[in-house]
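A short write-up of the structure that comes next.
All ligand and atom numbering here is 1-based and tracks the order in the structure.
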Amino acid sequence: MVSTRNLNTTKSEEIFTAAQKLMPGGVSSPVRAFKSVGGQPIVFDRVNGAYIWDVDGNKYIDYVGTWGPAICGHAHPEVITALHEALEKGTSFGAPSVLENVLAEMVIDAVPSIEMVRFVNSGTEACMAVLRLMRAFTGRDKLIKFEGCYHGHADMFLVKAGSGVATLGLPDSPGVPKSTTSNTLTAPFNDLEAVKALFEENPDQIAGVILEPVVGNAGFIPSDAGFLEGLRMLTQEHGALLVFDEVMTGFRIAYGGAQEKFGITPDLTTLGKVIGGGLPVGAYGGRRDIMSMVAPAGPMYQAGTLSGNPLAMTAGIKTLELLQKQGTYDRLNQITKKLSDGLLQIAKETGHAACGGQISAMFGLFFTQGPVHNYEDAKKSDQSKFSRFHRGMLERGVYLAPSQFEAGFTSLAHTEEDIERTLSAAREVMSSL
Ligand code: HOZ
């Protein structure tokens, strides 16, 4: 057992108890609840840099980073100043603004596959739209996704999905008609043979393959050498599209995302999180000939009242400007490697089977000997141990995602000292597990 420390969460508990009567499960998104790690979620009051403060005044080093967007650190002063200036001009135009051009150019310049982009309001929306586009362009209905990958909560993707679905151990969701998912084919991540078999069993029917090129929604699972190349070849061979869901990895594991990092260019890409700098944004983009099908340039319909919102565009532009500074990704990599190597070393020294790793500012730790190549492997991680680890870290002022099936995120605001404090907390907790 992890020793119980004195973490006063009285106000958190009061607020969350009230929230449960007002909102399903007391939260606005399931993965925020502490269902899989036990206890009540912490209710927060404010964020700054690498830290998050709860309503009882406790301060935590934050490795959730609002699930990815806070790569420059929370409430970065330059982002906040830019937002103040933008706010003076109003909160929404519902009409074109030059800010959209600026962010679009930045995204097109950065992401190898993107020649044109459409802004939406979330990663879920981006993935929904990209699937319609894949189908519109190819005239085919079927889709291949991978077990444990999460592409938002739209019906067609809620098959063997990661993130909250994996965290809560839910079966595929009620309310999703079989007819909607009958065209969703799944394969284990990193299994090219399985993908090949699906293409052979469904000739000329598969619109494309969508994946997180580095999985973050089943815990952190990198793609094996040759997997992305293999998918690129298979999709081309079968006249299907390759789509990278870079909602998590985009501008995080490299400025140009996984496609820049690994040198594999998909046909289409979805983005979110970092490109909104903490405001609600998603985007999809890709080859000009495919994107030209999107209305009003083409017939594939997709729309949104708040899409291209000036505040969200402003936060995104400023965040990308900050990321463009020399040395950003070296710094992110160095600090995250120190954290990840340290956690693995401590696990070893304290006698826990563990595996994991990091790429740039994204990391993960499983309590299993590993290696973890896919969701089935990830499920072998000792969840009860993870829950106790999570609680122990929380009590020592470290906020980790309340799920074994979520990647962790660092930011430019995390200091060496934050990492050292985190590792010393981890040593204490792991020694007592
Ligand atoms: N896509 C985010 C990480 N899996 C989660 C955000 C949420 O579902 O609340």
Side-chain angles (χ1 to χ4, degrees), residues 16 19 23-37 41-44 47 52 62-71 74 120-130 145-170 172-173 189 210-221 244-253 257-258 269-284 312 361-366 375 378-379 381 386 390 399-411:
F16 188 67
M23 296 170 284
V27 289
S28 297
S29 188
V31 79
R32 296 176 195 179
F34 275 30
K35 289 259 181 200
S36 76
V37 291
I42 305 295
V43 176
F44 290 106
V47 285
I52 184 161
D62 180 24
Y63 293 103
V64 180
T66 186
W67 302 99
I71 193 166
H74 290 291
V120 293
N121 300 291
S122 68
T124 289
E125 260 189 66
C127 292
M128 280 168 64
V130 95
K145 78 172 279 288
F146 294 92
E147 295 163 12
C149 280
Y150 179 72
H151 307 290
H153 60 82
D155 287 2
M156 314 71 78
F157 294 116
L158 284 187
V159 184
K160 298 188 180 166
S163 192
V165 184
T167 301
L168 302 174
L170 298 175
D172 298 337
S173 176
F189 193 73
I210 187 168
L211 76 156
E212 300 175 68
V214 173
V215 183
N217 284 290
F220 169 82
I221 310 177
F244 281 5
D245 176 345
E246 298 230 42
V247 170
M248 269 194 190
T249 52
F251 295 91
R252 176 163 285 278
I253 67 167
T269 299
T270 56
L271 295 167
K273 300 193 189 282
V274 170
I275 60 155
L279 274 85
V281 179
Y284 62 102
M362 187 171 173
F363 70 94
L365 176 78
F366 291 111
Y375 182 40
K379 284 197 278 187
S381 181
F386 175 80
H390 183 271
Y399 189 67
L400 300 169
S403 165
Q404 173 73 93
F405 299 113
E406 296 286 351
F409 300 119
T410 48
S411 77

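- Checked by distance only, ligand 1 and W67 stay at 3.5 Å or farther apart across all their nitrogen or oxygen atoms.
- T249 and E246 share a donor-acceptor pair across their side chains, judged by distance under 3.5 Å alone.
- When non-hydrogen atoms are compared, ligand 1 lies under 4.0 Å from neither the backbone nor the side chain of H151.
- In terms of protein heavy atoms, atom 3 (C) of ligand 1 is closest to E406 OE1, 3.2 Å.
- Taking 4.5 Å as the limit, every side-chain heavy atom of F220 sits out of range of all side-chain heavy atoms of E406.
- Given atom 9 (O) of ligand 1, the protein heavy atom at minimum distance is S29 OG, 2.5 Å.
- Taking the six-membered ring where the residue is Trp, the centroids of F44 and Y399 are separated by under 6.0 Å.
- The atoms of ligand 1 that sit less than 4.0 Å from any heavy atom of S163 are 3 (C), 4 (N).
- Ligand 1 has no nitrogen or oxygen under 3.5 angstrom from a nitrogen or oxygen of R32.
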Worked verdict on Y284 versus E125 for side chain to side chain contact (heavy atoms under 4.5 Å, CB included): CA-CA 9 Å; Y284 62 102; E125 260 189 66; over 6 Å; no
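- Considering backbone and side-chain atoms alike, N217 places an N or O below 3.5 Å from some N or O of ligand 1.
- Residues satisfying the side chain to side chain donor-acceptor pair (under 3.5 Å) test with H153, not counting sequence neighbours, are none.
- Considering all non-hydrogen atoms of both residues, H151 and F157 come closest at O-CD1, 3.6 Å.
- Against a heavy-atom cut-off of under 4.0 Å, V31 is close to the following atoms of ligand 1: 5 (C), 7 (C), 8 (O), 9 (O).
- Here the protein heavy atom with the shortest distance to atom 1 (N) of ligand 1 is K273 NZ, 3.4 Å.
- Taking 4.5 Å as the limit, some side-chain heavy atom of L211 sits within range of a side-chain heavy atom of F244.
- Distances shorter than 4.0 angstrom occur between a heavy atom of M248 and an atom of ligand 1.
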